[in-house]
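Written out below as structure tokens is the structure these notes cover.
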Amino acid sequence: MRMMPLEEADITPFQRRVYEAVLEIPHGFVTTYRWLGLAIGCRSPRAIGQALRRNPFAPEVPCHRIVASDLTIGGFAGKRQGPKIAKKRRLLAEEGVRFEDGRLADPNCLFTFGMETPAR
DNA sequence: TACAAGCAATAGT
DNA sequence: ACTATTGCTTGTA
């Protein structure tokens with residue numbers, strides 16, 4: 001598989017921002033659409049999901065490390081349920097991120113791009 | 001170029 | 001549980 005620089009890809013600037021941010025997620029960690037939005041200054045998580053859905057860089061860009069803000073597993077491959085989701089869960093399990101009943105077991109695995117944890 | 005519809009979500013009611 | 005909001009992509013005229 002070819003490693004194509006993001007610069008030469010046929011993508012929009014927004015998509016490039018999203019992928020760059022996703023690449024910063026360390027192995028064994030996950031982040032949420034919310035955090036991604038904060039990181040790249042986008043207040044519309046749906047746009048992020050759409051960008052990831054059209055991800056031409058799978059699996060070079062670990063789009064499986066994105067979960068929903070309430071720590072549910074979120075969606076994958078354009079769906080919110082089905083075999084794709086099971087695969088996403090398995091991929092995360094391989095990286096040491098454990099899920100329980102469709103929810104992230106250890107919130108400690110959340111990667112917040114060096115920002116402070118959300119004031120809840 | 002202009003407009004409408006859709007999306008792997010989230011917050012508020 | 002349901003609706004509103006939100007930024008961006010894509011398709012059609």
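Letters A, B, ... are given to chains in the order of the sequence lines, protein chains preceding strands, and every chain is numbered from 1.
Using a 4.0 Å heavy-atom criterion, one finds that A:Arg80 contacts the sugar-phosphate atoms exclusively. At the heavy-atom level, A:Gly74 lies nowhere under 4.0 Å from the strands shown.
When distances are taken from the side chain of A:Phe14 to each of B:dT10, C:dC8, B:dC7, the shortest belongs to C:dC8. Checking B:dA9, C:dT9, C:dG7 against the side-chain heavy atoms of A:Thr12 singles out C:dT9 as nearest. When distances run from any side-chain atom of A:Gln50 to the nucleotides C:dT6, B:dC7, B:dA9, the shortest one goes to B:dC7.
Rounding to the nearest 0.5 Å gives a distance of 8.5 Å between CD1 of A:Ile66 and CD1 of A:Ile48.
Between the OH atom of A:Tyr33 and the C1' atom of C:dC8 there is a distance of 15 Å, given to the nearest Å. The CG-P distance, from A:Asn55 to B:dA8, rounds to 13 Å in whole Å. Whole-Å rounding puts the A:Arg17 CZ to C:dG7 C1' distance at 11 Å.
The one candidate from A:Leu104, A:Asp106, A:Leu92 that meets the side chain to side chain contact (heavy atoms under 4.5 Å, CB included) condition with A:Arg98 is A:Asp106.
Between A:Ser69 and B:dA9 there is no side-chain N or O to OP1 or OP2 distance below 4.0 Å. The side chain of A:Arg54 places an N or O atom within less than 4.0 Å of a non-bridging phosphate oxygen (OP1 or OP2) of C:dT10. Within the 4.0 Å cut-off from OP1 or OP2 of B:dA8, at least one side-chain nitrogen or oxygen of A:Arg53 is found. Dashed line: the shortest gap from a side-chain N or O of A:Arg43 to OP1 or OP2 of C:dT6 is under 4.0 Å.
Using a distance-only test at 3.5 Å, with no hydrogens or angles considered, no donor-acceptor pair links the side chain of A:Tyr19 to the main chain of A:Cys63. With hydrogens and angles ignored, the 3.5 Å screen pairs no side-chain donor or acceptor of A:Thr72 with any backbone N or O of A:Arg103.
Of the nucleotides present, B:dA11 is the one that pairs with C:dT3 by Watson-Crick or G-U wobble criteria, both distances under 3.5 Å.
Under the 4.5 Å side-chain criterion, counting only non-hydrogen atoms from C-beta, A:Cys42 is in contact with A:Phe14.
Place A:Pro45 and A:Ala51 on DNA chain C by their nearest nucleotides, and A:Pro45 ends up nearer the 5' end. Mapping A:Ala47 and A:Arg34 onto DNA chain B by nearest heavy atom places A:Ala47 at the nucleotide closer to the 5' end.
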